[in-house]
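Below is one structure, written out as structure tokens, with a few remarks after it.
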Amino acid sequence: MAAGGRAPEPRVLICLGALLARWVAAGSGAMVIGELHEDITLPCGNISRPRGPVTWYRIDSEPVFLVSSNASLPPREPRFSLLNTSALHIGMLSLQDEGNYTCQETLNETQWFRVRLQVASGPYEVVVNISATGTLPNGTLYAARGSHVDFTCSSSARPPPVVEWWFQGLNSREEYFGDNLTVSNFTLFLMSPNLQGNYTCLAKNTRSGRQRKVTTELLVYCSPSLLSDPMRTCFLGGNVTLTCQVSGAYPPAEILWLRNLTQPKVPIQSNSRYLITQDGQSSTLTILNCSQDLDEGYYVCRAENAMGVREVDIWLSVKEPLNIGGIVGTIVSLLLLGLAVISGLTLYYSPMFCWKVGNTFRGQDIGDVMVLVDSEEEEEGEEEEDAVEEEEEEEEEENVRAELPKEVHQHGHIHRVTALVNGNLEQMGNGLQDLQDDSSEPQSDLVQEEERPV
Ligand SMILES: *[C@@H]1O[C@H](CO)[C@@H](O)[C@H](O)[C@H]1NC(C)=O
Ligand SMILES: *[C@@H]1O[C@H](CO)[C@@H](O)[C@H](O)[C@H]1NC(C)=O
Ligand SMILES: *[C@@H]1O[C@H](CO)[C@@H](O)[C@H](O)[C@H]1NC(C)=O
Ligand SMILES: *[C@@H]1O[C@H](CO)[C@@H](O)[C@H](O)[C@H]1NC(C)=O
Ligand SMILES: *[C@@H]1O[C@H](CO)[C@@H](O)[C@H](O)[C@H]1NC(C)=O
Ligand SMILES: *[C@@H]1O[C@H](CO)[C@@H](O)[C@H](O)[C@H]1NC(C)=O
Ligand SMILES: *[C@@H]1O[C@H](CO)[C@@H](O)[C@H](O)[C@H]1NC(C)=O
Ligand SMILES: *[C@@H]1O[C@H](CO)[C@@H](O)[C@H](O)[C@H]1NC(C)=O
Ligand SMILES: *[C@@H]1O[C@H](CO)[C@@H](O)[C@H](O)[C@H]1NC(C)=O
Ligand SMILES: *[C@@H]1O[C@H](CO)[C@@H](O)[C@H](O)[C@H]1NC(C)=O
Ligand SMILES: *[C@@H]1O[C@H](CO)[C@@H](O)[C@H](O)[C@H]1NC(C)=O
């Protein structure tokens, strides 16, 4: 069949064999790279002179005729044609076209030129997967600060593509994150704001040089954190400003003020009673003309962004304004109290001195009664609460107590002691009458202190 029809082919093969040996030895040999489904032209040598008749063969196990400048020999397939009298033009490359080709030019003598054709394809679709991230409505990805994010990119090509990752942060140069064949992975542990930017996966066909890339913008979001006073005080009819400072939020948080009362879900709006101002990520709520019924209670500052919600409670207490008379009264009673305490202390620790000063005050007996009261106090927690309340109000007294810790008990007892004495007065007899009289003065002071409105 073919062997009979094309008698010269065995001879050609032999010639080609000799030729190939020569080319390999010479280290030459044109290499042409075509792309799948595209056209390609193979030159018949690198010669600029006018060309003689040319015939093209493909070299498989035996040479296969393709096309000739002799018009009476039709091309093997319509895809093959001669371009510019000598070059082989192949349309619609397929993978099977990859191989070795040779052209024969007949002038005074016959010359052979060899061309190696390689077919490249791709890279095709570049598949990028970035996880775990969220997606904004506009398609942009975001990752939480501190999270870890896996980046995977793959593509296919012939030959297998080199896949590489690049990173471009804000105002920074593009950074190379490494490459690999076909699939390129990396993980960023602990995402931070400086890792926010554009991540580009680039797939390269090393044979054709063709590239394909996918760029993904990744934002690094941080949830808000809140800073605020836990409690504020407003005087009746006055104004008070609550401040709420958001930090670290990206994207910026929306800051709302809520009132945890009848409508805990409805944000407070600026109106004749409330004034809300925001400066950057700091918001203030001013409450005008404080009233105890309406305004006392919890206020909630809430900051929310895509990463989460934070809330902080602020307790507002509304108080009567202090009046001068009250302050003076307080100071006077504190002074009296201080005097009483000091004299009581002096008497307690210096009975001898007491005897010298006068027989009417029997310090020794007071000390005895106090021991009794000590055990009583252990059972009564209430008394300690009283003491705490007093502490809050009476700073002067607190100073005295801090310096003389023992006196705290002693002072608290005097009142009790008196009560005990009063209760047992009859049994104790007239001998204690003096004591009662003398101790009535400090007692009245103390009672006054405790009953004074808070
Ligand atoms: C063709 O040959 C010329 C000189 O003979 C050389 O400079 C040129 O690089 C060659 N071109 C190719 C594609 O080989
Ligand atoms: C055609 O070939 C001639 C010489 O063989 C060359 O000078 C010319 O540049 C070629 N033209 C094209 C379009 O390749
Ligand atoms: C062209 O090919 C035909 C058939 O093989 C052959 O008879 C003819 O001599 C060839 N012409 C030239 C100019 O080589
Ligand atoms: C083409 O020739 C080279 C040697 O020059 C050889 O290594 C290669 O395998 C050949 N290709 C094919 C498809 O025969
Ligand atoms: C080839 O033939 C041409 C005339 O066609 C002639 O001028 C040239 O010298 C010849 N070359 C060789 C190498 O014989
Ligand atoms: C998508 O929205 C975010 C936040 O609003 C913005 O930073 C980003 O640039 C947007 N991306 C595109 C592609 O519009
Ligand atoms: C990321 O790419 C987008 C679109 O090309 C561009 O608007 C944005 O500024 C880039 N971001 C960075 C950090 O380079
Ligand atoms: C590259 O891929 C090979 C296997 O294909 C894998 O063993 C190697 O870990 C990869 N390197 C990187 C940096 O991804
Ligand atoms: C409270 O604020 C309002 C409005 O700013 C002001 O008119 C009023 O004088 C303020 N009241 C007090 C007690 O500061
Ligand atoms: C109001 O706040 C307090 C303290 O934060 C909380 O215990 C209570 O459940 C809240 N009530 C409502 C209705 O949100
Ligand atoms: C402040 O509130 C009281 C009632 O709580 C009201 O009588 C008074 O008119 C208010 N003052 C102002 C200036 O709004």
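Order of listing sets the numbers, starting from 1, for every ligand and every atom in it. Fair warning: this is a prediction, and the values are worked out from it, not measured in the lab.
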Closest protein heavy atom to [atom], given as residue, atom name and distance to 0.1 Å:
| atom | value |
| --- | --- |
| atom 5 (O) of ligand 11 | S291 CB, 4.0 Å |
| atom 13 (C) of ligand 6 | T140 OG1, 3.8 Å |
| atom 7 (O) of ligand 6 | L219 CD1, 3.9 Å |
| atom 9 (O) of ligand 6 | E217 OE1, 3.8 Å |
| atom 4 (C) of ligand 7 | N198 ND2, 4.6 Å |

Per-atom contacts, ligand 6 versus L136 - under 4.0 Å to a heavy atom: 2 (O), 3 (C), 4 (C)

S155 and its side chain to side chain contact (heavy atoms under 4.5 Å, CB included) partner, picked from V128, L202, V126, V162: V126

Using the benzene-type ring in the case of Trp, are the ring centres of [X] and [Y] under 6.0 Å apart?
| X | Y | answer |
| --- | --- | --- |
| F151 | Y199 | yes |
| W165 | F186 | yes |
| F177 | W166 | no |

Check: D97 side chain, S94 main-chain N or O, donor-acceptor pair, under 3.5 Å: yes

Ligand 6 to N138 polar contact by distance, N or O atoms, under 3.5 Å: yes

Verdict with reasoning, Y221 to L136, per side-chain contact (heavy atoms from CB on, under 4.5 Å): CA-CA 11 Å; Y221 276 6; L136 295 177; 3.3 Å; yes

Within-cutoff protein neighbour (heavy atom, under 4.0 Å) for atom 2 (O) of ligand 7: yes

Distance flag for atom 11 (N) of ligand 11, protein heavy atom under 4.0 Å: yes

Residues, nucleotides or ligands: over 12 heavy atoms within 6.0 Å of R58 CZ: yes

Nearest option to atom 14 (O) of ligand 11, as decided by whichever heavy atom of N289, D295, L294 sits closest: N289

